[in-house]
Number of protein chains: 2
Amino acid sequence: MPQPTRLQQDLAERIVQLVNDDGLAIGALLNENSLARRLEVSRTPVRGALQHLEEQGIVARRPNRGVELIAIPQKNLASAPPPDDDEEWLVRIARDHRAGSLPQDISEIEVMRRYGLNRPAVQRVLSRLADLEMVERKPGYGWRFLTGTRDRATHDESYRFRLMVEPMGILEASFRLDPSWIEMMRRLHGDTLERHWHESSSVAFFEMNAAFHEGLAAASGNRFVHAAIRHQNQLRRFSQYDWKFGFERVVVNCREHLEMLDYLARDEREIASLLMRRHLERASQVRSE
Amino acid sequence: MPQPTRLQQDLAERIVQLVNDDGLAIGALLNENSLARRLEVSRTPVRGALQHLEEQGIVARRPNRGVELIAIPQKNLASAPPPDDDEEWLVRIARDHRAGSLPQDISEIEVMRRYGLNRPAVQRVLSRLADLEMVERKPGYGWRFLTGTRDRATHDESYRFRLMVEPMGILEASFRLDPSWIEMMRRLHGDTLERHWHESSSVAFFEMNAAFHEGLAAASGNRFVHAAIRHQNQLRRFSQYDWKFGFERVVVNCREHLEMLDYLARDEREIASLLMRRHLERASQVRSE
DNA sequence: TATTGTATTTCATCATGACAGAATACAATC
DNA sequence: GATTGTATTCTGTCATGATGAAATACAATA
């Protein structure tokens, strides 16, 4: 009981979500069986999640009767994406390599030694870096970083690719955008514009940016469009996490996003699509200056 | 020495490739060191590959002097893609599931038992099926097949996606197509049209088709376009391997490909791009009849 | 009877060691 | 001196068993 599992944490969040969606009031009784059924897991991890919520004072066990809701939980910050355990290692290794503190060619054992990771973890991390085309297996043993010719060309190709997919995604017949999503995005962008700007906000800014583009890709109703953009975001995450945006760039970006949201709210998708095209073209030139 | 490694097989093929590229004649001496350097591996696997070639009567060892080329090897069939070891299992599992002989939800151990695979192999295979969105991890333990709603919608979304990417790829400024590739493709398509058609040719036909689209994607000079189409091919490979094409469909397909090749040979890319668009639109309707 | 409490079984991950193949170094031969 | 032959070291994969968590079955209680 000291450390809730990742599954248990996720379930706890999803239970909070269910409570909100169902509009339950204080005093309502939950029960493990129906939760387990709705969440498609067994009772065991649900118990763990409930215990976790109990420690937070959100529910209280009523022996043999159920679990009473004793406080309405408020959802955490707007859809904080659950940070993957391996992810921090991805970022760290990518950064270390860029800083030149890693050799161009490296074996799995060397990575294990340097970072104190076990082998399965190293293999997961390297596989994911390979998916992002940041490393590749060497023919014999070991791995090789690909960041030689990569950065310059990749940046352009990424934008060229997104220019093919994102504006068209908005025009798909299956495009459906949740109005509440638009509202949430508007609020996030408004906040970013008004809040005082720190260098340290660049990660948050990146994530908002990524969420905007991914959300529209998801709305296209085409899983391949969505998957492609998610992949692009993942790719950019590492090369841009410690990229220092000037505030002017942030302002321009938010304004362009807000403009698109305005048109999308009125279902003016042709215009939004054009704006997306121009937005990407402009953004692609930022770095190459 | 009974079984050459996969790496050794690959090296043997690449050595043959080098011999052809360099235009070496019978009697020429190869040496392990320079081959190892050019192939970016150590001498050990090169030795294995040479031994393999020796058994085929292509080279002969001259102790302490080198390895003599005693027969000009002819390249195997046009770019036969080295069939991945796991791949047959992917196909088999996908097929078994479609045939209904696998449960909707399944654990890794169950897969190990049914197919007599070891755990790492099962994990590789399931991961790849997950990349193709054919299965997903269940929250707790086990995996779930996604082929419920999948097939119908996926087919359409796949073509919608390719319609965004493939015609545009041809128009990219970085587009470069190797004339010899065009020639090879023409020959392949011509052969397919003339040869008598068997049901059993459908795999070969699929692969030619895939190679055509992948080749054009690669020519775009954009790695994301290329990766996206490779992914689409992989996806289609499983749902279409035992799809029975009527011969009329094969004829139409080849004619359309050949027409595109004609325009591409003259660098008439706008027209080729339009033809690609119509080709995909037409192909997308075949199955939904 | 509905629900939680408890015990048992099953599963996936990790740790460890064995093994085959690749990398490397050095000896032998022309 | 260049090349192959041979030995040694290093690396990654597989096999096995231990461990913790999830799934499942059954008992207990309101």
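Residue numbers start from 1 in every chain, and the chains themselves are labelled A, B, ... in the order their sequence lines are given, proteins ahead of strands.
- At a threshold of 4.0 Å, the pair B:D22-B:R38 counts as salt-bridged, since one of the basic side-chain nitrogens sits closer than that to a carboxylate oxygen.
- As rounded to whole Å, 10 Å separates atom C1' of C:dA12 from atom CE of B:M112.
- A 4.5 Å side-chain heavy-atom check between A:L39 and A:I15 finds at least one atom pair inside the cut-off.
- Atom C1' of nucleotide D:dC14 and atom CZ of B:R124 are separated by 10 Å, given to the nearest angstrom.
- To the nearest angstrom, P of D:dT6 lies 12 Å from CD of B:Q51.
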Under 3.5 Å between N/O atoms: give me all the protein pairs with nucleotides 22-26 of chain D, atom names plus distance.
from: D:dA22; atom 1: OP2; to: A:Q8; atom 2: NE2; distance (Å): 3.0
from: D:dA23; atom 1: OP2; to: A:S42; atom 2: N; distance (Å): 2.7
from: D:dA23; atom 1: OP2; to: A:S42; atom 2: OG; distance (Å): 2.5
from: D:dA23; atom 1: O5'; to: A:S42; atom 2: OG; distance (Å): 3.3
from: D:dA23; atom 1: N7; to: A:T44; atom 2: OG1; distance (Å): 2.5

**Request:** Go through B:I58 and B:V19 one step at a time and tell me if the side-chain contact (heavy atoms from CB on, under 4.5 Å) criterion holds.
**Result:** CA-CA 11 Å; B:I58 294 175; B:V19 166; over 6 Å; no
**Message:** Walk me through whether B:R237 and B:Q234 qualify under side-chain hydrogen bond (donor to acceptor under 3.5 Å, both in side chains).
**Reply:** CA-CA 5 Å; B:R237 210 181 304 277; B:Q234 190 70 345; 2.9 Å; yes
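- For the pair B:D85 CG and D:dC14 C1', the interatomic distance rounds to 15 Å; values are reported in whole Å.
- Checking side-chain atoms of A:N222 against main-chain N and O of B:E157 turns up a donor-acceptor pair under 3.5 Å.
- Counting to the nearest Å, the P atom of C:dA23 and the CD atom of A:E110 are 16 Å from each other.
- Dashed line: the shortest gap from a side-chain N or O of B:N118 to OP1 or OP2 of D:dA15 is under 4.0 Å.
- Heavy atoms of A:G48 sit nowhere under 4.0 angstrom from any nucleic acid atom.
- Of all the residues in residues 21-32 of chain B, not one reaches under 4.0 Å from DNA chain C with any non-hydrogen atom.
- OP1 or OP2 of C:dT13 has at least one side-chain nitrogen or oxygen of B:R137 nearer than 4.0 Å.
- Between the side chain of A:S107 and the backbone N or O of A:E110 there is at least one donor-acceptor pair closer than 3.5 Å.
- Picking from C:dC11, C:dT13, D:dG12 the nucleotide with the shortest atom distance to the side chain of A:E108 gives D:dG12.
- We find that A:E40 and A:R14 are not joined by a salt bridge, their nearest charged nitrogen and carboxylate oxygen being 4.0 Å or further apart.
- The interatomic distance linking B:L35 (CG) with D:dT3 (C1') rounds to 12 Å, in whole Å.
- Atom P of nucleotide C:dA23 and atom CZ of B:R37 are separated by 15 Å, given to the nearest angstrom.
- Taking only side-chain nitrogens and oxygens, B:R62 never comes nearer than 4.0 Å to OP1 or OP2 of D:dA2.
- If you measure from atom CG of A:D105 to atom P of C:dT24, you get 10 Å, rounded to the nearest angstrom.
- At a threshold of 4.0 angstrom between heavy atoms, the contacts of A:R61 are confined to the sugar-phosphate backbone, with no base atom among them.
- Residues satisfying the side-chain hydrogen bond (donor to acceptor under 3.5 Å, both in side chains) test with A:R37, not counting sequence neighbours, are none.
- If B:L50 and A:S107 are placed on DNA chain D by their nearest nucleotide, the residue sitting closer to the 5' end is B:L50.
- Panel note: side chain A:Q104, backbone A:R144; no donor-acceptor pair is recorded below 3.5 Å.
- With respect to B:R62, the salt bridge (Lys or Arg N to Asp or Glu O under 4.0 Å) criterion is satisfied by exactly one of B:E32, B:E68, B:E54: B:E68.
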